[in-house]
A.B. asks: 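Got a structure for you, questions after.
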Amino acid sequence: MPLLLGGCGTRQTADPDATGERLASSLSEYAQQLLDEGGDDIGETQRAAIQRVIDTGEVSRSDYEAAYDGYTTCMTDRGHSKPEFYTTSNGVKQPYARVSDGEDTSTEEGIHNDEIACTAMHISVISVLYQAQVGNPNLYSDHDEGAVDCLKRAGLVPKDYTIAQYRDDVNTMNHVDPGETPDTTLDRDDPGVQSCMVTNGHILIGDPADL
């Protein structure tokens, strides 16, 4: 399964590429930041869920699931097919990317606009917070640093595995030919590896039936 770059342990060895910079000092503080930045587009149900994160310091699984239920209903109520999601081993949902047929640009634009609106209303913030909670609890601002930390905490890479090695592995995975097994430290088919990558700024691509 190919991986494409999208965009709580203590480090065991020195890593020259690690900055240690954080998004916030806590998940509560991060939630408040995102709520302040989200503006009026955030729906009331999601806003209430974010407030619970501010108050408790964690995202409940029920709030996360409810957010995606709300997103799904939002899209189907606007006349679109039910969105499909891939769920990683740590419970993070990722929508499958739609493939445009390129024939009806007005329809595609309408779907895209509705996706933006439904995302902002229901999952824009709570999804980011949940991904950080399960995949980047140290809230590293660098996605690659967060991913390496996640992989180390899960015992999926050696303790001396570096951010530079991770970036090399990702680059190799993104340029491998179909059917070819990349020569990397990471096992791209390992559900744990996929989870650490998805929760730190990557997307999975491929046919839903194959994932």
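Note that these values count all heavy atoms, side chains included, but never hydrogens, waters or copies made by symmetry. Just so you know, residue 1 is the first one in the sequence shown, and it goes up from there.
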A.B. asks: We want to know whether S25 and E29 form a side-chain donor-acceptor pair, criterion being a heavy-atom distance below 3.5 angstrom.
C.D. replies: yes
A.B. asks: For H80 and G110, work out which heavy atoms get closest and say how close.
C.D. replies: NE2-O, 4.4 Å
A.B. asks: Could you tell me which residues satisfy salt bridge (Lys or Arg N to Asp or Glu O under 4.0 Å) with D114, sequence neighbours excluded, listed by chain and number?
C.D. replies: R78
A.B. asks: When rounded to the nearest 0.5 angstrom, what is the spacing between CZ in R22 and CG in N138?
C.D. replies: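 These two atoms lie 5.0 Å from each other.
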A.B. asks: Taking atom CG as the centre, does D40 end up with more than 12 heavy-atom neighbours from other residues, nucleotides or ligands that are less than 6.0 angstrom away?
C.D. replies: no
A.B. asks: Got a sec, which residues hit side chain to side chain donor-acceptor pair (under 3.5 Å) with T181, two or more places apart in sequence or on another chain?
C.D. replies: none
A.B. asks: For residues 123-201, pull every pair meeting disulfide (SG to SG under 2.5 Å), keeping only residues two or more places apart or in separate chains.
C.D. replies: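 For residues 123-201: C150-C196.
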A.B. asks: Report yes if the side chains of V148 and T162 come closer than 4.5 Å at any heavy-atom pair, otherwise no.
C.D. replies: no
A.B. asks: Does K152 use its side chain to pair, donor to acceptor, with the backbone of K159 at less than 3.5 Å?
C.D. replies: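 Yes.
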A.B. asks: Looking at D183, I'd like to know if its CG atom is crowded, meaning that more than 12 non-hydrogen atoms belonging to other residues, nucleotides or ligands lie closer than 6.0 Å.
C.D. replies: no
A.B. asks: Nearest 0.5 Å, please: how far is CG in L35 from CD in Q33?
C.D. replies: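 If we round to the nearest 0.5 Å, Q33:CD and L35:CG are 11.0 Å apart.
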A.B. asks: Taking the side chain as C-beta and beyond, is there a heavy-atom pair between N90 and V198 under 4.5 Å?
C.D. replies: no
A.B. asks: Find the distance between SG (C74) and CG (D69) and round it off to the nearest 0.5 Å.
C.D. replies: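 These two atoms lie 12.5 Å from each other.
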A.B. asks: Going by the rule salt bridge (Lys or Arg N to Asp or Glu O under 4.0 Å), which residues pair with D169 if we only count those two or more places apart in sequence or in a different chain?
C.D. replies: none
A.B. asks: Just so I know, are the side chains of Y140 and L23 near enough to count as touching, which here means a heavy-atom distance under 4.5 Å?
C.D. replies: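 Sidechains of L23 and Y140: no contact.
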A.B. asks: Got M121 and I42 here, is their nearest side-chain heavy-atom distance under 4.5 Å?
C.D. replies: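 M121 vs I42: side chains apart.
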A.B. asks: Rounded to the nearest 0.5 Å, what separation is found between the OH atom of Y166 and the CG atom of D144?
C.D. replies: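 Here the interatomic distance stands at 5.5 Å.
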A.B. asks: Under 3.5 Å, is there a donor-acceptor pair between the side chain of Y68 and the main chain of H122?
C.D. replies: no
A.B. asks: Is there a donor-acceptor contact under 3.5 Å from the side chain of T76 to the main chain of T73?
C.D. replies: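 Flag set: sc T76 to bb T73 pair under 3.5 Å.
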A.B. asks: For E180, give me all partners under salt bridge (Lys or Arg N to Asp or Glu O under 4.0 Å), at least two apart in sequence or on another chain.
C.D. replies: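 Scan of E180 (salt bridge (Lys or Arg N to Asp or Glu O under 4.0 Å), adjacent residues dropped) gives none.
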A.B. asks: Test M197 against R188 for side-chain contact (heavy atoms from CB on, under 4.5 Å), laying out the working first.
C.D. replies: CA-CA 10 Å; M197 296 182 77; R188 68 176 181 176; over 6 Å; no
A.B. asks: Taking all heavy atoms of L27 and all of G57, pick out the closest pair and write down the distance.
C.D. replies: CD2-O, 3.6 Å
A.B. asks: Testing the 3.5 Å rule here: is there a donor-acceptor pair between the side chains of T172 and T184?
C.D. replies: no
A.B. asks: Pair L151, L186 - check side-chain contact (heavy atoms from CB on, under 4.5 Å), show working.
C.D. replies: CA-CA 9 Å; L151 292 164; L186 297 179; 3.7 Å; yes
A.B. asks: Pairs of donor and acceptor atoms involving the side chains of residues 124-133, under 3.5 Å and at least two apart or interchain, shall be tabulated with distances.
C.D. replies:
unit_1 : atom_1 : unit_2 : atom_2 : d
S124   : OG     : A120   : O      : 3.1
S127   : OG     : I123   : O      : 2.5
Y130   : OH     : R61    : NH1    : 3.0
Q133   : OE1    : V59    : N      : 2.6
Q133   : NE2    : V59    : O      : 3.0

A.B. asks: Donor-acceptor pair, distance only, cut-off 3.5 Å: does the side chain of H112 make one with the backbone of E108?
C.D. replies: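 Not at all, since once roles are kept as given, no pair shorter than 3.5 Å links the two residues.
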A.B. asks: Of all the heavy-atom pairs spanning Y64 and G91, show the shortest one and how long it is.
C.D. replies: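 So the two residues come closest at CE2-O, 3.4 Å.
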A.B. asks: Is there a side-chain contact (heavy atoms from CB on, under 4.5 Å) between M173 and H202? Walk through the geometry before answering.
C.D. replies: CA-CA 12 Å; M173 282 191 266; H202 293 70; over 6 Å; no
A.B. asks: Would you call E58-R52 a salt bridge at under 4.0 Å N-O?
C.D. replies: no
A.B. asks: Could you tell me the separation between the OG1 atom of T119 and the OH atom of Y71, rounded to the nearest 0.5 Å?
C.D. replies: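 It comes to 4.5 Å.
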A.B. asks: Side chains of S28 and S26 only: does a donor on one sit below 3.5 Å from an acceptor on the other?
C.D. replies: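 No, S26 and S28 have no side-chain donor paired with an acceptor closer than 3.5 Å.
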A.B. asks: Quick one: does E115's side chain get under 4.5 Å of M75's, heavy atoms only?
C.D. replies: yes
A.B. asks: Going by heavy atoms in the side chains, are E145 and E21 under 4.5 Å from each other?
C.D. replies: no
A.B. asks: Is D142 salt-bridged to R167, going by a charged N under 4.0 Å from an acidic O?
C.D. replies: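 Here D142 pairs with R167 in a salt bridge, since their nearest N and O are under 4.0 Å apart.
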A.B. asks: Between Y86 and Q194, does any side-chain donor sit less than 3.5 Å from a side-chain acceptor?
C.D. replies: yes
A.B. asks: Is any side-chain heavy atom of T72 less than 4.5 Å from a side-chain heavy atom of K82?
C.D. replies: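 Yes; the side chains approach each other to less than 4.5 Å.
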A.B. asks: Can you give me the closest heavy-atom contact between G135 and R153, atom names plus distance?
C.D. replies: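 Heavy-atom minimum between the residues: O-NH2, 3.4 Å.
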A.B. asks: So, taking the atom named CG in N200 and the one named CG in N136, what distance separates them when rounded to the nearest 0.5 Å?
C.D. replies: 5.0 Å
